[in-house]
Amino acid sequence: MIKITLPDGSVREYEQGVTGHDIAMSISEGLARNVLSVKVNGEVWDSNRPISNDAAVQLLTWNDDEGKSTFWHSSAHLLAEALEELYPGVKFGIGPPIENGFYYDVDLGDKEFGEDDLEKVEQKMLELARNKNEFVRKDVSKADALKYFEEKGDEYKIELIQDLEDGKITFYEQGNFVDLCRGPHVPHTGVIKAIKLMNVAGAYWRGDENRKQLTRIYGVSFPKQKELKEHLERLEEAKKRDHRKLGKELELFTFSEKVGLGLPLWLPKGTILRERLENFMRRAQVKAGYDPVVSPHIGAKELYVTSGHYEKYGEDSFQPIKTPNENEEFLLKPMNCPHHCEIYKHKPRSYKDLPVRYAEFGTVYRYEQSGELHGLTRVRGFTQDDAHIFCRPDQVKEEFIKVIDLVLYVFKALGFKDYTAQVSLRDPENKAKYIGDDALWEKAEREIQEAADEKGLETVTELGEAAFYGPKLDFMVKDALGRKWQLGTIQVDYNLPQRFQLEYTGADNQKHRPVMIHRAPFGSMERFVAVLIEHCGGNFPLWLAPDQMAILPISEKYHEYAQEVFSKLGEKDIRGFVDDRDEKIGRKIRDAEVKKVPFMLIVGEKEQNEGRVSVRRHGQGDLGSMPLAEFVEHFQQASASDFN
RNA sequence: GCCGAGAUAGCUCAGGGGUAGAGCGCUUCCUUGGUAAGGAAGAGGUCGGGGGUUCAAAUCCCCUUCUUGGCUCCA
């Protein structure tokens, strides 16, 4: 007999060789039906795999993330089985579960796989699922594993097996399909009841753009049809919050082919929103001891040769601008830091002057690959809420922490709770991608982690995500459709001060080298606004809303009073418009609601006679009539409470 | 840049070899109104661009530009 400890701490005795399924059966038949896999001493196993020793066991169902992963991983195998039936000779790459579903990378030879094929494959999968084929685990030797896939002619699996250790290789078989796989899997294909293949995409084998591009088929599956339906409805809802859609509907920004791809045009309402954010940041920065600076949009090529940007990105950048006469070349600035370094250098610095903090809403231009452009989140011209802090080495951590405070303040003010703090380090396998010496990199990496730890920030570490001149602390946020974007970023940099020969005179009367901290709490105005739009679904906090109120006269007779209210509110910095169209009040209300205007002020005979306004709040309805002064007070309170 | 999908009126979209359609928006007129769409009339499109097939192309084929879902990249 062996002892099995369940998550609630209870211990039960079972025969040696008991399976997760058996354990579930001993609790209830219903549970046994729902068990997808089982966690044995922290490792996820098939629910039908025998347990031979005492163990801590957790039964995993659809309600556990790991249970879902098992389910989707098995769905990927089912997809592969369907593909093999429909397209004999297909070769397989990898087919993992992902956050919302699964995919399989396949080589279909000459077959052009389009979206029309998805439904056919989907039907085949459902057909195969109904066979309730068991997933059978088999240990195989490396030699046998290689032999199997050599005979099958699947070079991708062979490559994968070659990297595996002999003795630890397993195959899984369901129906006529055999795959290299470490598992685990659901008991049989029959539990997969609802399947939707979402889309096809090209994906490079092993993520290497120099290798063959395989066809990646994305799908999602569920144990119940209803759950699939709900999932698809959630996706539809999320699409309604897409900043590209709302940006158009609310007239915030637009693009023009004639202006150029990836070059956003800010419309008046979007510009107001953006300026309010900028002013908010300016005030916060004044408080935090930053000095504003301004630098031009271009800089001599030599500037970027010095900074290292030219060597690193010159080929993949907008090419230099040439002057008509002299042999001069200028680059559109891709970064503000070289300019700020030169500002730092305009006079000698004493250790007593540091830290110096230069802030600029600097517009930069980067040549992004055309396939990368995406609404406002990935563009070719954008404005960073940039600043560079020049400080002594002993001030780095303190300054870094102050910046973290600023970023957190900004996120809090805007109600961003769902972010990840990511420590972005060098790829240790590929140090040639970065400039600067190891010791300084290590020092910077240590300082970032320490600062984050001191702020009690929960961080994830990503290798290979550093900037080429230094490590970063990035604040990542997801958009409506779950795509991750980097917003705020803080970077410690020992390299640029060296390249620009920045100095200050220390207490010892010797020259010393300052350290630079690059930081942008929003990241860029464009991306930040995009994420903000999706975050609030276009219902901006009152203090940011482009139109804070709409004055809606009942009829033409009250236009004059409406104008009077409008200018009185303007004096109190409450912005909006008078809807003086020849429409009925119901219509005006509807239009203001659709445009997500926070306050609607209805004015007619009663209001005019008594100096009042009838107030309606977006999404809430009629708040009743009140004297204008009372509305101003109500507005100001509402505005302040929107500011977290 | 690569693989897939798409582009028809300002917006959202239908149509699919034989003289371009709807709803909303816009303009004009009627209506002067009380908390989510008042009525009528009208203007508006070389069906993204180029080439080909055809008696005839928005429609079929090829190329191209842009948009889009991914991949790679992201100072």
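Heavy-atom basis, side chains included; hydrogens, waters and symmetry copies ignored. Naming convention: chains lettered A, B, ... in sequence-line order (proteins, then strands); numbering from 1 in each chain.
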Has the side chain of [X] got a donor or acceptor atom sitting under 3.5 Å from an opposite partner on the base of [N]?
| X | N | result |
| --- | --- | --- |
| A:Glu607 | B:rG34 | yes |
| A:Asp582 | B:rU31 | yes |
| A:Arg378 | B:rC74 | yes |
| A:Arg211 | B:rC71 | no |

Exercise for the section: Give a yes/no answer on whether the side chain of A:Arg483 brings an N or O atom under 4.0 Å of OP1 or OP2 in B:rG70. Expected result: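 For B:rG70, OP1/OP2 do have a side-chain N/O of A:Arg483 under 4.0 Å.
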Practice task
Using a cut-off of strictly less than 4.0 Å, decide whether A:Lys588 has a side-chain nitrogen or oxygen near OP1 or OP2 of B:rG34.
Solution key: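 Indeed not, no polar side-chain atom of A:Lys588 lies that close.
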Exercise for the section: Give a yes or no on whether the backbone of A:Leu373 and the side-chain of A:Arg378 come within a donor-acceptor separation of less than 3.5 Å. Expected result: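 Checking the backbone N and O of A:Leu373 against the side chain of A:Arg378, no donor-acceptor pair under 3.5 Å is found.
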Between [options], which one does the side chain of [X] approach most closely?
| X | options | value |
| --- | --- | --- |
| A:Arg244 | B:rG69, B:rC71, B:rU35 | B:rG69 |
| A:Ala201 | B:rG70, B:rG1, B:rC73 | B:rG70 |
| A:Lys248 | B:rC11, B:rG69, B:rG38 | B:rC11 |

Problem - Earlier contact from the 5' end, RNA chain B, for A:Glu465 and A:Glu112 - result: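 Its nucleotide being nearer the 5' end, the pick is A:Glu112.
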Handout entry: 5' priority, RNA chain B, between A:Asp316 and A:Arg581 [closest heavy atom]
Key =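 Its nearest nucleotide being more 5', the pick is A:Arg581.
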Exercise for the section: Inspect the contact between A:Asp242 and A:Arg244 and indicate whether a charged nitrogen and a carboxylate oxygen are less than 4.0 angstrom apart. Expected result: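 Yes.
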Exercise for the section: If the plane angle is over 60° it's perpendicular, under 30° parallel, otherwise tilted; pick one for A:Phe253 and A:Phe255. Expected result: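 Answer is perpendicular, since the angle exceeds 60°.
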Handout entry: Parallel, tilted or perpendicular: ring planes of A:Tyr104 versus A:Phe92, cut at 30 and 60 degrees
Key =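 Ring orientation of A:Tyr104 relative to A:Phe92: perpendicular.
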Practice task
Look at all strands and tell whether A:Arg617 reaches a base, only sugar-phosphate, or nothing, counting heavy atoms closer than 4.0 Å.
Solution key: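 Result for A:Arg617 = nothing.
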Practice task
Could you tell me the separation between the CD1 atom of A:Ile602 and the C1' atom of B:rA36, rounded to a whole number of Å?
Solution key: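 Result: 11 Å.
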